[in-house]
Amino acid sequence: MEHDFRHLIRDVADWPEPGIVFKDITPLLAHPKGLAWAVDRLYEPFVGKGIDLVAGIESRGFIFAVGVARALGAGFIPVRKPGKLPRATVRREYQLEYGSDAVEMHADAAREGQRVLVVDDVLATGGTMAATCELFAKTGADVAGAAVLVELGFLDGAGRVNVPLHSVVIY
Ligand code: AMP
């Protein structure tokens with residue numbers, strides 16, 4: 001059986017706030033085979049699915065999205081926190097597991113009919129992913145799927161994501 005690297009995703013209790021168990025992926029990122037395992041498990045279900053663009057959600061989504069885009073022969077789109085992008089943007093507010101925030105991307109980042117895969121490290125309440133998918137709906141692009149390294153299944157975030165969701169590890 002192929003090696004599994006999920007033990008390199010470390011639980012950090014009460015960070016950044018009491019009651020939150022933070023999934024720290026930095027040991028996995030630092031492990032050469034662990035990093036390759038993560039990127040490979042994220043992109044493989046989308047081979048041959050006609051993905052034109054891979055969107056990464058700031059900031060840990062960026063880490064994986066570029067590798068996934070490269071493997072799929074697709075381009076990369078940064079989905080950013082408010083106020084970071086220099087040209088005209090589209091914006092969506094959302095609730096986090098801790099606090100609230102918004103996501104933005106360039107209004108012309110994806111054209112109508114292009115097939116987009118959205119990538120992030122962790123799906124918690126699903127608010128960030130759902131908001132990002134809604135951003136693409138505004139541009140007319142087709143969100144073909146969402147891929148996350150970790151899904152916190154007990155938070156039922158998958159129920160808020162209305163595109164095919166691929167989760168490498170579910171807790
Ligand atoms: P949510 O919108 O609740 O699904 O939160 C997802 C976003 O918040 C992702 O971009 C994650 O990086 C981050 N996040 C939320 N909860 C956690 C957690 N327990 N551990 C690590 N990252 C988290």
Side-chain angles (χ1 to χ4, degrees), residues 4-31 34-35 37-43 45-46 51 53-69 76-85 89-106 109-110 116-138 141 143-171:
D4 186 317
F5 290 92
R6 72 184 70 199
H7 63 283
L8 295 177
I9 301 168
R10 299 276 161 74
D11 282 356
V12 181
D14 299 318
W15 200 89
E17 288 182 7
I20 301 294
V21 179
F22 190 83
K23 295 293 182 187
D24 175 25
I25 59 167
T26 59
L28 180 70
L29 297 175
H31 191 291
L35 177 61
W37 171 82
V39 173
D40 290 353
R41 294 295 87 75
L42 281 165
Y43 86 77
F46 300 96
I51 302 297
L53 293 163
V54 178
I57 301 176
E58 186 173 356
S59 55
R60 289 183 297 275
F62 292 174
I63 297 164
F64 299 110
V66 172
V68 169
F76 166 75
I77 299 175
V79 172
R80 301 212 62 181
K81 306 267 164 62
K84 303 279 190 179
L85 290 165
T89 56
V90 285
R91 176 192 176 112
R92 192 93 197 175
E93 309 280 336
Y94 67 99
Q95 297 299 312
L96 264 180
E97 188 186 6
Y98 38 88
S100 72
D101 213 334
V103 282
E104 284 186 356
M105 68 174 182
H106 276 137
V116 179
L117 171 65
V118 183
V119 170
D120 205 357
D121 66 332
V122 174
L123 186 91
T125 66
T128 312
M129 185 59 80
T132 301
C133 292
E134 285 161 19
L135 276 184
F136 282 101
K138 287 187 185 184
V143 182
V148 295
L149 185 67
V150 173
E151 176 186 338
L152 304 181
F154 55 89
L155 292 174
D156 290 332
R160 293 175 71 177
V161 179
N162 57 9
V163 299
L165 172 68
H166 166 60
S167 304
V168 176
V169 181
I170 302 177
Y171 292 99

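Whatever order the structure lists ligands and atoms in, that order sets their numbers, starting from 1.
Here side-chain hydrogen bond (donor to acceptor under 3.5 Å, both in side chains) pairs that include residues 157-171, with residues two or more places apart or in two chains, are Glu151-Ser167.
Listed by number with element, the atoms of ligand 1 under 4.0 angstrom from any heavy atom of Thr128 are 1 (P), 2 (O), 5 (O), 6 (C), 7 (C). Heavy-atom proximity to Arg60, at under 4.0 Å, picks out these atoms of ligand 1: 11 (C), 12 (O), 13 (C), 22 (N). Within the listing of ligand 1, atoms 9 (C), 10 (O), 11 (C), 12 (O) sit less than 4.0 angstrom from a heavy atom of Asp121. Within the listing of ligand 1, atoms 19 (N) sit less than 4.0 angstrom from a heavy atom of Leu152. Proximity to Gly126 (heavy-atom distance under 4.0 Å) selects the following atoms of ligand 1: 1 (P), 3 (O), 4 (O). Below 4.0 Å from some heavy atom of Thr125 lie the following atoms of ligand 1, by number and element: 1 (P), 2 (O), 3 (O), 4 (O).
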Problem - Pair Ile51-Tyr43, side-chain contact (heavy atoms from CB on, under 4.5 Å): steps then yes or no - result: CA-CA 10 Å; Ile51 302 297; Tyr43 86 77; over 6 Å; no
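Partner of Leu135 under the side-chain contact (heavy atoms from CB on, under 4.5 Å) criterion, out of Val79, Thr89, Ile77: Val79 alone. Among Asp120, Leu123, Leu28, Val122, the one residue that satisfies the side-chain contact (heavy atoms from CB on, under 4.5 Å) test with Leu149 is Leu28.
Under the 4.0 Å criterion applied to side-chain N and carboxylate O atoms, Arg91 and Glu104 are assigned as salt-bridge partners.
Between Phe62 and Phe76, a ring centre-to-centre spacing shorter than 6.0 Å is recorded.
Within the 4.0 Å heavy-atom cutoff, Ile57 does not count among the residues contacting ligand 1.
In this structure, Asp24 CG and Ile9 CD1 are separated by 9.5 Å, a value rounded to the nearest 0.5 Å.
Taking distance alone, with nitrogen or oxygen atoms compared against 3.5 Å, Val21 approaches ligand 1 more closely than that limit. Between Glu58 and ligand 1, no N or O atom pair is found at a separation short of 3.5 Å. The shortest N or O to N or O distance between Ala124 and ligand 1 is under 3.5 Å.
Residues passing the side-chain contact (heavy atoms from CB on, under 4.5 Å) test with Asp156, sequence neighbours excluded: none.
For the residues Glu151, Met129, Arg160, Lys23, the heavy atom positioned nearest atom 20 (N) of ligand 1 is part of Lys23.
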